[in-house]
Each structure stands twice: as C-alpha cells, then as structure tokens.
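A note on names: the letters A, B, ... follow the listed sequences, proteins ahead of strands, and every chain is numbered from 1.
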2 protein chains.
Amino acid sequence: MIGKKNATIVDVAKEAGVSVATVSRVVNGNYPVKPETKVAVSAAIEKLHYVPNVQARELNQRRSTTIGVVVPSLYNMFFAEVIDGIEAAVRKDKYSLLLNCAQNDPEQEQACIKALVARNVAGLIVISPNTQNMQEDFYKQLAERTPLVFINGYHEIPGASYVSNDEAGGMRTALTSLWKLGHNRILMVRGSHSDSYEVKEKVYRSFMEEQGVLDENLILDIGEGNSVETVDNTADYLLAKLPEVRPTAVCCCNDLMAVGALNACKLLDLEVPRDVSVMGFDNVSLSRYVAPKLTTMDQNMFQLGESAASLVVEKIRFGRNKKIVLGNMLIERDSVAEAHER
Amino acid sequence: MIGKKNATIVDVAKEAGVSVATVSRVVNGNYPVKPETKVAVSAAIEKLHYVPNVQARELNQRRSTTIGVVVPSLYNMFFAEVIDGIEAAVRKDKYSLLLNCAQNDPEQEQACIKALVARNVAGLIVISPNTQNMQEDFYKQLAERTPLVFINGYHEIPGASYVSNDEAGGMRTALTSLWKLGHNRILMVRGSHSDSYEVKEKVYRSFMEEQGVLDENLILDIGEGNSVETVDNTADYLLAKLPEVRPTAVCCCNDLMAVGALNACKLLDLEVPRDVSVMGFDNVSLSRYVAPKLTTMDQNMFQLGESAASLVVEKIRFGRNKKIVLGNMLIERDSVAEAHER
DNA sequence: ATGAAAGCGCTAACAG
DNA sequence: CTGTTAGCGCTTTCAT
C-alpha cells in the first residue's frame with residue numbers, strides 16, 4: 001500500500017505532549033480535561049488527521065457496533081427497501097451495517113453468517129432465511145451465542161427474535177377479496193426455498209378447502225422467486241399453465257411473479273383484469289409502474305427493516321427477544337376486477 | 001447481553017493443552033504442526049465453537065479485509081444491481097462489505113465515509129458521489145490515506161480510481177439515434193447533485209448546438225433523481241412542461257425519470273411512442289416491465305460493481321490507481337419511434 | 001514442532 | 001486533571 005500511514009493515538013499524544021490517556025479522554029469526552037490541554041490535543045488531532053480506530057476500541061471494550069445483515073438476493077426491490085429501513089434505524093443507534101448476499105443459496109447463507117460472526121458483529125438480521133437452514137440445527141446453535149432476528153422467518157428458533165408481516169393474514173385477505181369478486185378458480189403462484197411460500201400455500205389450501213374447491217392443479221411453484229429471471233420464468237410457466245387450467249384469477253406470492261403474470265397474459269391476449277385478475281404481494285415500487293398497476297398486499301418493507309433493527313438492538317442491550325407482526329393492507333389498483341365468464 | 005461468551009484462542013489453548021501460538025498455527029495452517037496436536041486442537045475448537053476474532057487478527061496485522069461502500073440511495077434499482085456486483089466480486093477476494101446509505105445528502109455522505117474510515121476499511125467505493133463533495137477538499141484529503149474508487153464520479157481526485165460507464169458517449173448515442181428518427185425538439189430530463197447529470201447535460205448542449213437548435217426551455221431538472229418520489233415528481237413536472245414545450249421526444253437521465261415520463265404521457269393522452277418518444281438510461285430491470293417497454297442505454301450495473309471491486313483491491317494491494325470506462329449499448333425496445341408532426 | 005513474549009491501537013482502572 | 005499500566009484476542013519473531 002502506498003499512502004500515508006494513519007496516525008494513532010500515540011502519535012497524537014506525542015504531538016500534543018500529553019499521554020495517550022488524555023487523548024482518549026478528549027476524544028471520548030468522558031472525563032474532565034483542562035481546556036488548554038483539550039485545545040492542544042484537538043490541534044494535534046486535526047493536524048495529523050487522526051481518526052480513532054474503532055476496531056481497537058471495540059476489541060478493548062469487548063463490544064461491537066456493527067450488525068450483520070444477510071439477504072437472499074438484491075434483485076427484488078423488496079430487499080432493497082427492507083435494507084433501507086434497517087440502515088436508517090441502525091444508523092441512529094450508531095451501529096454500522098455489514099451486508100452479505102446469500103444469492104438464494106443455503107450454503108452461501110451459512111457461509112455469510114459464519115463470516116459475519118467471525119467479524120464479531122453485535123447482532124445479526126437474516127431476511128427471508130432459507131427454509132432448509134431453518135430446519136437444521138444451524139440457526140439454533142447460532143442463536144445461543146449471537147443476537148439474531150429474522151425477517152419473515154417462521155421456524156421457531158429458541159432465543160431468536162422475529163419480525164414479519166402477517167403474511168398469512170395478508171394471503172387470506174387477498175384470497176377473500178378475490179373470492180368476493182366471484183373468482184372461484186384462483187391460481188396460486190409461489191416460489192421455492194422460503195418459509196413465506198409455505199405459509200401462504202397453507203393459507204391458500206385451507207381457504208380453498210373451506211370453499212370446497214381445492215384443486216392441486218391450481219398451485220404453481222415457479223422456482224427461485226427473487227432472481228433476475230423470476231419475472232420471465234413466471235411468464236414462461238404461465239404461458240403453459242394459463243390455457244391449461246383457465247383460472248379466473250392469479251394470486252402471486254410476490255410482485256415480481258405478478259408482473260410475470262401480467263406479461264404472460266399480454267402474450268396470451270388475455271386482458272387484465274377483464275379476462276383474468278392478477279393479485280400481487282409486497283407492494284414494491286415496481287407495482288405502481290407497470291400497466292395495469294398491480295393490486296397487491298402492502299408489506300411496508302421500510303418498517304419491517306426498522307423494526308428488525310430495533311429488535312436486534314434490544315436483544316443486544318437487554319437480552320430480550322420478541323416477536324413483532326406487522327399488519328398489512330390491500331392496495332387496490334387496476335389488476336383485479338370482478339370475475340367474468342369466458 | 002445474555003448468552004454464552006464466545007471462546008477465545010486462550011480457551012482453546014487450555015482445552016487442548018497447548019499454547020496459543022499452536023492454536024493460531026493450526027487455525028491458519030501457515031506453520032507445521034504435528035498431526036496429533038492438530039487433531040487435539042481441532043477437537044477443542046469444535047467443542048468450544050471457537051471462531052477466530054477477525055478484528056483482533058486485523059488489528060495485530062495492521063490490515064483490514066472490509067471494504068466500505070457508499071450509495072446515495074437504495075431506492076433506484078441501479079444501486080442495488082451495482083452493489084450486487086461489488087458484493088459478488090469482493091466476496092471472491094475474501095473481503096466483506098460495509099454498506100452505508102447517504103440518503104442523497106452531501107453531509108450524510110461525508111459522515112458515512114468518516115464512519116467507514118474509523119472502522120478501518122481497507123478501501124472505499126463511492127457510487128455516484130455528490131457533486132458538491134467532489135468540489136471541496138474532502139475527497140482529496142481522503143484519497144491520500146484510503147484507497148478510493150468512484151463509480152460514475154467525474155471530478156479529478158489525485159490518487160483515486162474510477163470506473164464509469166461512458167455516460168457521455170451513451171448520451172450522444174441516445175441523442176443521435178433520436179435525431180436520426182427525425183426528432184428535433186428533444187426535452188432532456190435530468191436530476192440534481194450528481195456529476196452524471198452534468199456530464200449528460202454538457203453532451204446534450206453541444207449536440208444541440210451542433211444541430212443549431214439548442215433551446216434552454218428544453219432542459220428540465222426534476223430535483224432528486226434517486227428517491228422514492230422520483231417517478232412521481234418527474235411525472236408532475238412533465239404534466240406542466242410537456243404541453244408547454246411540446247417536444248417530439250423526451251430523453252431522460254435515468255429509467256426512473258423515463259417511467260415518470262411514460263406516466264405523464266398517459267395522463268396527457270399522449271401515446272408513446274406515436275405522439276412522443278421516451279428514451280431511458282441505465283436499463284434497470286424496471287425498464288423491461290413497464291408498458292411500453294423502455295428503449296434505454298444499458299449501463300451494465302453488475303459489471304460496474306465488479307470492476308470497482310477489482311480496482312479497490314488493486315489499489316489496496318499494489319497502490320495502483322486506474323480508470324476504467326465501460327462501453328454501453330442502446331437497448332431498443334418500444335418507447336422510441338420516428339418523430340411525427342402533431 | 002512448540003512455547004514465551006511482544007505488541008497492534010485503544011480504554012479504564014489506579015495512582016498521583 | 002493527568003500519567004502509568006494492564007490487557008482486549010490475535011499473530012509472529014525468537015528461542016528451545
């Protein structure tokens with residue numbers, strides 16, 4: 001490395017003609033220091049561009065002010081918006097954010113977390129954890145030593161905190177609203193490897209059973225639900241599925257899939273919502289920009305992130321774990337209408 | 001904090017009945033260790049769930065394996081996709097990523113960077129730096145002590161590395177293609193506070209001057225270009241501007257603005273591209289999902305991120321700074337067509 | 001092949 | 001009010 005070496009507290013002490021303890025005191029302002037020495041020290045700090053080494057400080061104090069975040073993907077705006085919320089909240093509490101992307105891969109998810117733990121994070125937030133990892137002992141072990149909060153994770157891990165939207169309730173609301181509009185053949189589109197999909201499918205099944213119309217053919221798993229290809233994959237699947245099962249409505253587990261559904265309909269010359277209704281989930285910004293605008297369940301991502309941040313901090317400071325379930329709301333726009341015969 | 005205390009190297013040494021040096025050696029595998037002791041140590045590590053403390057290691061070695069990233073906003077998918085590229089590349093080199101969001105605020109941008117420096121990052125990547133900060137001494141000072149790379153930053157800072165798309169070239173290509181289609185009243189839509197906009201406006205001006213049709217009324221600054229409100233703000237501005245200046249085409253500095261333009265046209269009953277053409281910039285995923293699909297300049301965000309990562313690493317390891325300019329390509333979709341009288 | 005010890009940059013008693 | 005010192009968890013000579 002080229003470049004000037006960073007000044008240390010010792011350099012500053014020498015420059016100012018005081019001890020390192022005094023420098024530390026003026027930096028932290030936690031003990032009285034005579035005004036004139038403070039001035040001298042400040043001058044030295046200024047002159048040498050001294051920046052305290054947080055790593056050293058935290059090592060000494062046996063604490064940490066960084067929190068680790070693991071996302072399955074950055075592709076879905078859902079995650080970006082959640083991260084935004086986390087970042088904003090965490091900043092207020094003077095923590096920094098170490099971000100890792102698991103790329104929808106359970107092993108990489110574990111690797112990310114190990115790396116984060118090695119970096120001595122004060123706590124960990126995992127967004128939409130991989131189902132498989134939740135079933136193994138992995139997270140159980142982890143929760144014993146590191147404050148851990150899941151966003152939209154549903155397996156019970158002792159000691160972990162949770163924040164989620166009421167996805168089950170949201171799904172039921174979505175389904176109910178569709179049903180009331182006369183839709184009796186509702187195709188559910190889901191993805192793989194996340195608990196959220198399981199939760200939603202379960203609600204779908206019980207709702208449909210209640211109505212006495214559960215049809216296994218009306219559940220479609222399009223695979224990875226948060227990748228660059230999700231929209232196009234969904235459209236591809238639906239190109240075959242739609243003519244085959246002729247649903248009156250398509251109820252999707254996220255907005256990416258819903259946009260894929262929109263595109264498939266366009267290709268099949270089905271007009272949305274006249275010929276078929278499309279329901280989204282999440283209410284990412286994208287849902288307002290497509291045509292027709294998506295009717296979708298809002299997940300309030302920013303708040304999801306904020307809440308998660310406050311829960312890690314609470315766990316870090318007081319050892320308390322908690323569960324927060326945020327309500328969600330149906331955003332009615334233009335992709336859902338009354339069912340028609342066709 | 002509740003929870004078990006993390007084991008340290010000392011605990012492991014005791015458990016295995018060896019010295020800390022030996023434990024260090026088996027952890028790092030950098031010195032010969034007798035097989036049986038290695039086994040004993042490994043067992044102790046396993047038993048105590050020992051994870052080496054990276055902070056302590058790095059303090060000792062006076063190095064760092066974390067790199068800091070500053071984005072102005074997470075709202076525009078442009079940034080998410082760039083971060084994705086950085087994350088993937090950085091991971092390969094065993095670095096971790098400390099993410100900070102400046103929320104489009106120059107002061108917060110500085111605060112982010114200071115926090116990152118205090119955390120002893122090995123290097124820094126700043127995406128779309130704030131124009132104002134680039135003009136002050138701030139980055140100049142910084143570059144003297146910390147490896148620094150800008151993504152789409154244009155002020156010359158000695159010692160910094162740069163990666164950008166050829167935004168000037170891209171703008172010219174976009175304009176040329178519009179011009180060839182007969183558009184002679186091209187409204188340019190830009191944002192504030194980023195060098196990118198300046199670069200593009202400059203190209204716009206000289207291009208229009210060359211054609212002898214430069215009209216100050218045809219340059220519109222919609223303010224913040226990467227916020228939640230960008231799309232709607234743009235639409236609002238355009239609702240007034242479009243009837244007033246009656247352009248044949250709208251050339252936008254990013255896709256968010258272009259989507260806003262699309263929405264404004266819809267509201268004004270202008271059909272795109274029949275009545276007016278809309279040109280985007282970036283080619284974020286969004287641009288494929290709106291209707292009509294955006295014709296736009298691809299910026300290849302992932303590669304932008306990857307390249308930036310490789311440049312920081314190069315600067316960290318060898319002290320070399322470099323400039324990379326990636327080419328970009330016009331993606332012709334459905335929002336641009338020949339100019340019509342109207 | 002292994003241990004003892006110094007020291008990375010910092011804070012926090014403790015002693016003046 | 002200020003200086004001295006121990007030690008955070010780790011790596012790395014230097015001995016053995």
Side-chain angles (χ1 to χ4, degrees), chain A residues 1 4-42 44-45 48-66 94 117-122 145-146, chain B residues 1 4-42 44-45 48-66 94 117-122 145-146:
Chain A
M1 241 299 287
K4 305 175 190 170
K5 195 174 150 296
N6 286 326
T8 75
I9 198 170
V10 179
D11 301 326
V12 176
K14 271 188 197 134
E15 176 73 28
V18 299
S19 75
V20 293
T22 302
V23 177
S24 172
R25 292 193 262 258
V26 350
V27 168
N28 296 298
N30 49 358
Y31 288 92
V33 173
K34 208 200 299 178
E36 46 262 50
T37 43
K38 188 181 289 187
V39 170
V41 171
S42 301
I45 288 175
L48 301 177
H49 298 278
Y50 170 66
V51 180
N53 182 327
V54 176
Q55 301 205 132
R57 170 187 298 165
E58 297 193 345
L59 176 61
N60 177 296
Q61 297 181 147
R62 258 135 307 168
R63 65 197 210 95
S64 158
T65 55
T66 118
K94 305 286 181 194
V117 168
R119 281 179 191 284
N120 194 28
V121 292
R145 14 206 107 240
T146 308
Chain B
M1 239 300 286
K4 306 174 190 171
K5 196 174 145 294
N6 285 325
T8 76
I9 199 172
V10 178
D11 302 325
V12 176
K14 271 187 197 137
E15 176 72 29
V18 298
S19 75
V20 294
T22 303
V23 176
S24 172
R25 292 194 261 256
V26 352
V27 168
N28 296 298
N30 48 359
Y31 287 92
V33 174
K34 208 199 298 174
E36 46 263 50
T37 44
K38 186 180 289 186
V39 170
V41 171
S42 301
I45 288 175
L48 301 177
H49 299 276
Y50 170 66
V51 180
N53 182 326
V54 176
Q55 301 205 132
R57 171 186 298 163
E58 297 191 345
L59 175 59
N60 178 294
Q61 296 179 149
R62 258 134 307 169
R63 64 196 210 96
S64 158
T65 54
T66 117
K94 304 285 180 195
V117 168
R119 281 180 191 283
N120 193 27
V121 292
R145 12 207 109 239
T146 307

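The CG-C1' distance, from B:Asp11 to D:dC8, rounds to 13 Å in whole Å. Here C:dA6 presents its C1' atom at 11 Å from CZ of B:Arg62, a figure rounded to the nearest Å. Distance, A:Arg119 CZ to D:dG9 C1': 16 Å, rounded to whole Å. Spacing between atom NZ of B:Lys38 and atom C1' of C:dT2 amounts to 14 Å, rounded to whole angstrom units. When the P atom of D:dG9 is taken as reference, atom CG of B:Leu48 falls 14 Å away, rounded to whole Å. In this structure, B:Glu58 atom CD and C:dG9 atom P are separated by 14 Å, rounded to whole Å. Taking atom CZ of A:Arg63 as the reference point, atom C1' of D:dG9 lies 17 Å away to the nearest angstrom.
With rounding to the nearest 0.5 angstrom, the OG1 atom of A:Thr146 is 6.0 Å from the CG atom of B:Asn6.
Proximity of B:Thr37 to the phosphate of C:dT2: a side-chain N or O atom is located under 4.0 Å from OP1 or OP2.
The shortest heavy-atom contact between B:Tyr50 and B:Thr8 is CE1-C, 3.6 Å. Here the closest heavy-atom approach between residue B:Lys94 and residue B:Thr65 is recorded as O-CB, 3.8 Å.
For the pair A:Arg25/A:Thr22, a side-chain contact is recorded, criterion being any heavy-atom separation below 4.5 Å from C-beta on.
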Assign a letter to each nucleotide of nucleotides 10-16 of chain D from its 5' end: B, base within under 4.0 Å of a protein heavy atom; S, sugar-phosphate only; -, no contact.
BBB----

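Residues passing the salt bridge (Lys or Arg N to Asp or Glu O under 4.0 Å) test with A:Arg57, sequence neighbours excluded: none.
Side chain of B:Ser42 to backbone of B:Lys38: a donor-acceptor contact under 3.5 angstrom is found.
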